[in-house]
Amino acid sequence: MRRYEPSEIEQKWQRVWADERTWEVSNAVARRDAPDEAGDDAPSDKSYVLEMLPYPSGEPHMGHLKTYAIGDALAHFRRRRGQRVLHPMGYDAFGLPAENHAIKTNRHPRESTEAAIDEFRRQFRSWGISIDWSREFGTHEPDYYRWTQWIFLRLFERGLAYRREAAVKWCPTDETVLANEQAKDGVCERCGTPVVARQLEQWFFRITAYADRLLDELDGLDWPEHVRTMQRNWIGRSHGAEVVFRCEELGTDYPVFTTRPDTLFGATFFVLAPEHPDVLRLNDSPEVHAYVDRAISETPEERGSELREKTGVPLGRTVTNPVNGERIPMYVADYVLMEYGTGAIMAVPGHDERDFEFAQAFELPIREVIRAPAGEGGEIVDRLPYTGDGEMVNSGRFDGRHNREAFEEIVEWLAGEGRGRRAVNFRLRDWLLSRQRYWGCPIPIVHCERCGLVPVPDDQLPVELPEITDYAPKGRSPLAAATDWVETSCPRCDGPARRETDTMDTFVDSSWYFLRYCDARNDDAPWDRDVVDFWMPVDQYIGGVEHAILHLMYARFFTKALADLGHLGFEEPFASLFTQGMITRAGAKMSKSRGNVISPREYVERFGADTARCYILYIGPPDQDADWSDEGVGGIHRFLSRLWRLADEVAAAGDGGEASADGGSHLGEPTALFRKTHWAIDKVTADLGERFAFNTAIAAVIELVNDAYRYRDELAATPDGAAQLRFAVATAGSLIFPFAPHLGSEVYELLTGRRVWEDPWPEADPALLSAETFELIVQVNGKLRDRVAAPAGASSEEQERLALASEKVVAQLDGAQIVKTVVVPGRLVNFVVR
RNA sequence: GCCCGGGUGGCGGAAUGGCAUACGCGGAGCACUCAAAAUGCUCUGCCCGCGAGGGCGUGCGGGUUCGAGUCCCGCCCCGGGCACCA
């Protein structure tokens with residue numbers, strides 16, 4: 001008996017796919033000026049299947065194997081269902097980790113990054129992923145970042161990229177500024193160091209201009225609900241009002257944002273954030289100075305805790321409440337954030353938990369202005385703070401009204417008095433994109449003493465990253481040391497000027513790469529509009545949930561901005577998103593410190609790529625975390641071996657050729673295996689086409705192979721039987737192909753002499769999906785009592801008669817009275833007895 | 001605290017309101033073998049019973065239904081996200 005040798009089979013097919021460039025697709029159908037180049041049979045029904053581009057560092061890990069196993073299965077399935085599939089690959093090559101690694105190993109980041117890219121490419125090829133390699137690129141190549149700079153300039157022209165001084169988050173370890181999104185929980189996302197505040201000139205993208213659209217247009221996306229929720233929370237739109245409180249002593253107006261103008265009558269004090277520029281003007285006592293200094297030097301993590309006690313200092317000033325003329329005291333307190341709203345709040349301790357805590361700590365009056373409905377009441381001290389709705393009290397002419405009804409009226413009244421207006425606030429901040437680091441895309445701007453910020457003209461792009469020897473971070477960009485490069489002339493006045501030395505956040509590179517894939521070799525433009533409009537949007541995007549906010553939000557912002565500028569004909573980049581779960585080992589996340597890291601390479605070398613790919617999809621539902629077990633891998637390897645041996649045996653027994661791909665319609669009276677084959681086609685098609693149920697799809701093929709083994713001896717005895725066996729095994733190869741492309745191709749070729757990817761996906765014959773007889777379930781009072789054979793299409797009466805003929809049922813009925821009989825045609829009979 | 005997931009055999013997991021535990025792993029046995037591996041076949045939720053058979057079973061407590069892992073109400077536990085955002 002011959003053995004299944006994955007390495008031979010896999011190399012054989014990989015060579016074919018590389019030599020024949022099997023997975024390349026042409027852009028000809030997309031270009032209006034060259035309609036027919038691709039031939040008449042080129043399908044115009046396209047599908048863009050994309051996995052998030054890898055960050056090349058070291059070698060691929062199990063997470064990559066899972067992502068590409070999922071994407072490749074879909075790409076293959078869609079191709080064979082007649083779609084024109086774009087399935088490209090590239091590398092997110094700029095960025096901090098590569099640079100940090102380079103500093104540690106004293107090797108240029110380009111060198112280590114390109115070594116990693118070579119290794120990624122080699123392994124992706126060894127996995128047999130069906131990539132159109134003609135579109136490959138790395139984001140660090142000048143041919144790519146030239147267009148990153150081009151996009152930056154288009155946004156700059158529209159005021160969507162701008163420079164301003166701001167309190168920014170600074171990581172002392174990486175010595176760079178971070179985006180808001182990269183400083184979660186007060187620590188640097190990359191290295192875990194607590195971030196500190198610094199006042200610096202920085203570049204921003206005006207993503208807040210798109211806040212409403214980024215939020216509203218989430219509704220039309222086929223994305224997991226939790227990802228959309230995360231984006232909604234991140235954008236954080238609140239509807240309310242801006243209300244102006246006047247400080248009479250200083251003659252200054254202080255606007256505040258509130259979502260509850262209906263509680264205005266309950267405002268009993270007023271609070272400014274420590275960073276508020278007016279705090280020291282209102283009171284510059286040593287006590288206030290000390291409080292402000294401490295608050296500013298604290299890490300956001302220390303300060304952000306909801307649990308800690310409220311602190312603050314009275315400012316000895318008052319403001320006037322516009323609705324009732326009351327003078328209320330002003331405080332400075334660190335629970336008010338400068339970044340949100342106006343950096344000042346009206347405090348309503350009766351109806352806000354934070355204000356309530358502060359009022360208790362400082363013994364300030366707590367006034368009830370919204371009465372909780374009866375039943376939720378009790379003593380006033382028990383029912384406050386009350387944040388729900390109810391009848392207004394202590395609110396002058398609004399007393400007795402329901403707060404929601406009076407809401408608009410109060411805002412309108414304020415507007416009429418010039419003391420307020422309707423307002424919307426967002427949690428979302430502008431995207432800080434500049435980095436004081438070497439390994440990134442240079443910002444194509446020149447600083448001219450006379451002209452100010454001057455964009456580098458398009459025909460001078462790319463502004464190439466200069467070669468320097470010392471790229472270690474020093475708190476300013478290492479590029480500043482490249483004097484020859486920095487000192488330049490102004491494109492506008494030709495006077496002396498200096499280049500911008502900051503580089504762009506890596507997330508900028510990955511915010512448009514999916515557009516470049518569409519037209520990757522275009523030297524005249526980032527893309528041809530017709531081509532990109534043909535392929536986009538990405539029909540199926542696949543990646544980890546860790547990008548739920550950052551990357552996915554930035555890419556949506558770029559797409560919308562570029563669409564507004566007339567460069568794209570669509571506004572959402574990713575029509576459908578799939579987020580995969582993690583691969584764990586012994587129940588824990590893989591990490592070097594745990595010592596539980598395993599590499600896909602070990603398994604590919606030992607069992608073959610087909611085994612590794614099938615196994616990772618077979619462990620469980622792909623959106624859930626799954627634990628890798630070596631015993632499980634062995635099981636899948638056994639299954640693939642069984643399929644290969646059976647194919648080998650059946651191929652040896654017959655004379656090749658004729659067998660299958662026509663659905664086997666002329667193969668004689670259908671046997672159980674023949675029906676099973678059609679069942680498997682139906683099951684795999686549904687699991688792949690309607691949901692991402694790869695695990696059950698593979699299980700169906702395993703069942704088919706198990707049945708083929710079960711029936712093979714009896715079938716081999718007759719010509720019709722042998723043909724049906726052959727059909728079953730060839731179909732198993734065809735169905736496993738999206739998951740195990742090498743073995744699928746091999747099995748199919750052995751039995752049919754054809755290439756499986758050139759044949760269409762098989763179709764199940766509905767007539768063969770139901771057997772001639774079925775097992776009728778008989779229940780008494782809903783409990784299973786017997787199963788009896790019944791002819792397909794039996795009438796209700798017939799089913800009932802058959803059920804009553806069962807001895808077991810008769811024993812159960814034993815003298816009891818049947819009060820009701822439920823018959824589900826083709827399925828069951830249930831007798832309800834008393 | 002709020003918002004999402006999830007809780008099913010020894011384990012990973014299957015089940016349009018209709019046979020709970022497909023498929024795989026692990027375990028037991030048989031065949032082949034001098035033997036082992038490999039391979040093929042059979043069995044494998046728990047309890048009672050020699051057996052036929054019966055009872056119990058999808059985190060807990062209720063409910064709807066002829067019938068609930070699945071739907072509804074109230075909890076518990078695990079994982080993730082958000083969280084002083086006015």
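The figures here come from the full heavy-atom set of this structure, side chains too, leaving out hydrogens, waters and symmetry mates. In the text below, chain A, chain B and the rest are named by the order of the sequence lines, each starting its count at 1.
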Note, RNA chain B 5' to 3' with Watson-Crick or G-U pairs under 3.5 Å encoded as ( ), [ ], | and . gives (((((((..(((.....[....)))((((((.......))))))((((....))))..(((((..]....))))))))))))....
I'd like a table of atom pairs between the protein and nucleotides 55-59 of chain B - only N or O on both sides, under 3.5 Å - with the distance next to each one.
unit_1	atom_1	unit_2	atom_2	d
B:G55	OP2	A:R785	NH1	3.2
B:C56	OP2	A:K783	NZ	2.9

Base, sugar-phosphate alone, or nothing: which one does A:E339 contact when heavy atoms must sit under 4.0 Å apart?
-> nothing
note: A:D352, atom CG; B:C84, atom P; distance rounded to Å ~ 13 Å
Compute the ring centroids of A:F358 and A:F269, then answer whether they are less than 6.0 Å apart.
-> yes
Determine: side-chain N/O of A:R228 to OP1/OP2 of B:C3, distance under 4.0 Å, yes or no.
-> no
Rounded interatomic separation in angstrom, taking CH2 from A:W628 and C1' from B:G24 = 14 Å
Please list, for nucleotides 8-15 of chain B, all pairs of protein and nucleotide N/O atoms separated by less than 3.5 Å.
unit_1	atom_1	unit_2	atom_2	d
B:G12	O2'	A:I619	O	2.9
B:A14	OP1	A:N695	ND2	3.0
B:A15	OP1	A:R691	NH1	3.3
B:A15	OP1	A:R691	NH2	3.1

Shortest non-hydrogen pair, A:P385 vs A:E353, comes out as CG-CG, 3.8 Å
Do the side-chain N and O atoms of A:N425 and A:S238 include a donor-acceptor pair separated by under 3.5 angstrom?
-> no
Closest non-hydrogen atom pair between A:L272 and A:M330, with its separation = CD1-CE, 4.2 Å
Give a yes-or-no answer on whether the side chains of A:Y291 and A:T311 include a donor-acceptor pair shorter than 3.5 Å.
-> yes
Quick one: pull up CD1 in A:I70 and CD1 in A:I616 and give me the separation to the nearest 0.5 Å.
-> 8.5 Å
A:I542 side, atom CD1; A:D623 side, atom CG - distance, nearest 0.5 Å = 12.5 Å
Aromatic ring centroids of A:W628 and A:Y603 under 6.0 Å?
-> yes
For A:S641, which contact category applies under a 4.0 Å heavy-atom criterion: base, sugar-phosphate, or nothing?
-> nothing
For A:D625 and A:T584, what are the C-alpha separation, side-chain angles and deciding distance, and is it a side-chain hydrogen bond (donor to acceptor under 3.5 Å, both in side chains)?
-> CA-CA 7 Å; A:D625 290 352; A:T584 59; over 6 Å; no
Taking syn as any angle within 90 degrees of 0 and anti as the rest, which one fits B:G49?
-> anti
Reading 5' to 3' through nucleotides 40-46 of chain B, protein heavy-atom contacts under 4.0 Å coded B for base, S for sugar-phosphate only, - for none = SS-----
Donor-acceptor contacts under 3.5 Å from residues 701-708 of chain A side chains, at least two apart:
unit_1	atom_1	unit_2	atom_2	d
A:E703	OE1	A:K676	NZ	2.8
A:N706	OD1	A:R642	NH2	2.8
A:D707	OD1	A:R710	NH1	2.6

Between A:F270 and A:F245, ring centroids under 6.0 Å | yes
Starting at CD of A:E703 and ending at C1' of B:U21, how long is that distance when rounded to a whole Å?
-> 13 Å
With sequence neighbours excluded, tell me which residues meet salt bridge (Lys or Arg N to Asp or Glu O under 4.0 Å) with A:D352.
-> A:R354
Rounded distance in Å - CD (A:E225) to P (B:C3) = 13 Å
Let me check something: any side-chain donor-acceptor pairs from residues 255-264 of chain A under 3.5 Å, sequence neighbours excluded? List them with distances.
unit_1	atom_1	unit_2	atom_2	d
A:T258	OG1	A:R260	N	2.8
A:R260	NE	A:D262	OD1	3.1
A:R260	NE	A:D262	OD2	3.2
A:R260	NH1	A:T387	O	3.3
A:R260	NH2	A:D262	OD2	2.9
A:D262	OD2	A:N403	ND2	2.9
A:T263	OG1	A:R260	O	2.8

Listed by chain and number, what are the ring pair (Phe, Tyr, Trp, His ring centres under 6.0 Å) partners of A:F607, not counting sequence neighbours?
-> A:H637
Nucleotide B:U39, atom C1' - distance to CG of A:L646 in whole Å = 13 Å
Nearest-neighbour nucleotide for the A:E631 side chain, B:U16, B:G81, B:C25 considered | B:C25
Quick one: A:D786 CG to B:G18 C1', roughly how many Å, whole number?
-> 16 Å
Residue set satisfying ring pair (Phe, Tyr, Trp, His ring centres under 6.0 Å) with A:H276, at least two apart, ordered chain then number -> A:Y254
Specify the separation, in whole Å, of atom CD1 of A:I549 and atom P of B:G80.
-> 16 Å
For A:R675, the salt bridge (Lys or Arg N to Asp or Glu O under 4.0 Å) test, sequence neighbours excluded, returns none
Mind checking A:G635 for me? I need base, sugar-phosphate or nothing, with any heavy atom below 4.0 Å counting as a touch.
-> sugar-phosphate
Are A:D212 and A:R237 close enough for a salt bridge, meaning some N to O gap below 4.0 Å?
-> yes
Where do N or O atoms of nucleotides 62-66 of chain B meet protein N or O atoms at under 3.5 Å, pair by pair?
unit_1	atom_1	unit_2	atom_2	d
B:C66	O2'	A:N830	ND2	3.4
B:C66	O2	A:N830	ND2	2.5

Taking all atoms of both residues into account, what is the closest heavy-atom pair of A:V684 and A:A697, and its distance?
-> CG2-O, 3.6 Å
Give me the residues of residues 254-262 of chain A where at least one heavy atom lies under 4.0 Å from an atom of RNA chain B, by number, or none.
-> A:F257, A:T258, A:T259
What nucleic acid atoms does A:V336 come within less than 4.0 Å of, heavy atoms only: base, sugar-phosphate, or nothing?
-> base
When A:I777 and A:V545 are each assigned the nearest nucleotide of RNA chain B, the 5'-most assignment goes to A:I777
In terms of the nearest nucleotide of RNA chain B, which residue is placed more toward the 5' end: A:A344 or A:F639?
-> A:F639
In whole angstroms, the gap separating P of B:C2 from CD of A:E353 amounts to 10 Å
